[in-house]
Amino acid sequence: MPAWSRLIALALLSLATRPAVAQTVVVSGAGQYDVQRFPEDEVPNRLDGEAMGWSVGATVRMLTHLVLAAEWSDAGTIDDVRTTPLNVDGRTISISSTFRHDTTTLSTLAGFRHTLSSRVGMTYLGGVAFTRVRREFLSNAPGLVLVTPSDLATSGGSERADRFQALTGGVDAMVRITRRVYAVTGVRAQKVRLLPDISGWSFRTLVGAGWAF
């Protein structure tokens with residue numbers, strides 16, 4: 001675990017042990033649906049897609065309306081699979097390629113909370129997202145087109161990882177089911193920046209449950 005993520009966890013734990021300041025601590029887990037979109041130029045991109053994932057988080061409500069939160073998100077894997085027919089020495093072969101990427105994010109957030117009723121509360125959040133995007137390209141072309149020993153020297157795949165920070169924001173709704181159990185739903189949005197000059201957006205919807213301490 002990176003040093004800065006340990007500091008965030010320690011800060012939340014410290015707040016949770018100060019009843020004069022921290023009124024409610026909620027630990028939650030959720031399933032999520034991530035939609036990623038990237039603008040296209042002359043060449044269509046292979047990054048657009050949707051995936052199912054999960055997230056866990058901790059929220060500390062201080063005073064009446066101030067909220068601090070930390071959240072870990074695994075957005076799942078988005079695959080773009082394409083097949084192209086190709087004529088090689090008079091025979092037709094099918095070249096398949098897969099462009100795959102997955103996204104993980106640790107977010108530190110602060111925001112404002114207000115109650116709609118005795119059981120329902122809304123929280124408006126903003127903060128910084130520390131994101132890693134792993135990209136992988138796979139193809140069967142070397143084995144079909146190249147001949148030995150060239151095909152043995154070419155794996156037909158490549159991988160890279162991008163790490164960046166971006167502003168993030170969202171809204172949560174919490175519905176109290178029992179004294180300690182909450183239903184949690186929310187949305188998140190953040191910019192995605194990939195080298196050399198690719199940028200897009202990630203929009204996540206969350207549905208899960210929380211436990212209040």
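- L116 and Y124 fall within a single hydrophobic cluster, where Ile, Leu, Val, Met, Phe, Trp and Tyr are joined by side-chain heavy atoms under 4.5 Å apart, directly or via other members.
- One distance of note links CZ of F99 with OG of S139; it measures 13.0 Å at 0.5 Å rounding.
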Assess whether side chain to side chain contact (heavy atoms under 4.5 Å, CB included) is satisfied between M122 and V171, documenting all intermediate values. CA-CA 7 Å; M122 300 290 296; V171 180; 3.6 Å; yes

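- Hydrophobic clustering (side-chain heavy atoms under 4.5 Å, transitive across Ile, Leu, Val, Met, Phe, Trp, Tyr) keeps I78 apart from F137.
- At distances below 3.5 Å, at least one donor-acceptor pair connects side-chain atoms of T168 with backbone N or O atoms of A189.
- The structure places CE of M52 at 8.0 Å from OH of Y33, a figure rounded to the nearest 0.5 Å.
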Are L206 and E71 close enough, and set up right, to give a side chain to side chain contact (heavy atoms under 4.5 Å, CB included), and what steps lead you there? CA-CA 12 Å; L206 318 169; E71 183 178 87; 4.1 Å; yes

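- Between T83 and S96, the side chains place no donor N or O within less than 3.5 Å of an acceptor N or O (distance only, hydrogens not considered).
- With values rounded to the nearest 0.5 angstrom, L167 atom CG is found 11.0 Å from S107 atom OG.
- Nearest heavy atoms, K191 versus G200: CG-O, 3.3 Å.
- Between F164 and Q190, the shortest heavy-atom distance links the atoms CE1-NE2, 4.0 Å.
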Determine, stepwise, if the pair T104 / W72 fulfils side chain to side chain contact (heavy atoms under 4.5 Å, CB included). CA-CA 8 Å; T104 55; W72 169 263; 3.9 Å; yes

Is there a side chain to side chain contact (heavy atoms under 4.5 Å, CB included) between R113 and T59? Walk through the geometry before answering. CA-CA 11 Å; R113 182 183 187 277; T59 300; over 6 Å; no

Would S73 and R188 count as a side-chain hydrogen bond (donor to acceptor under 3.5 Å, both in side chains) if you check the C-alpha gap in whole Å, the side-chain angles of each, and the deciding distance to 0.1 Å? CA-CA 11 Å; S73 164; R188 299 285 185 274; over 6 Å; no

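- Annotation: the span from F112 atom CZ to L125 atom CG amounts to 12.0 Å, rounded to 0.5 Å.
- Between A183 and I177 the shortest heavy-atom distance is N-CG1, 3.9 Å.
- Nearest heavy atoms, G76 versus A51: C-CB, 4.1 Å.
- Minimum interatomic distance between P85 and T92 (heavy atoms only, all atoms of both residues): CB-CG2, 4.4 Å.
- There is no path of hydrophobic side-chain contacts, each under 4.5 Å, that joins V25 to M174.
- The shortest non-hydrogen separation linking R135 to L195 is NH2-O, 2.9 Å.
- Ring geometry, W211 versus F213: the interplanar angle exceeds 60°, so the pair is classed perpendicular (tilted spans 30 to 60°).
- Under the 4.5 Å side-chain criterion, counting only non-hydrogen atoms from C-beta, V192 is not in contact with T103.
- Ring planes of F38 and H101: perpendicular class, angle over 60° (limits at 30 and 60°).
- The line from CG of L109 to CG of L68 is 9.5 Å long, rounded to the nearest 0.5 Å.
- The closest donor-acceptor contact from the side chain of R119 to the backbone of R176 lies under 3.5 Å.
- No side-chain donor-acceptor contact under 3.5 Å links R134 to the backbone of A161.
- Atom CD of Q36 is separated from atom CZ of F203 by 10.0 Å, given to the nearest 0.5 angstrom.
- Side chains of D34 and Q32: a donor-acceptor N/O pair is absent below 3.5 angstrom, by distance only.
- When the side chains of ILVMFWY residues are joined at heavy-atom separations under 4.5 Å, either directly or via intervening members, V187 and V175 end up in a single hydrophobic cluster.
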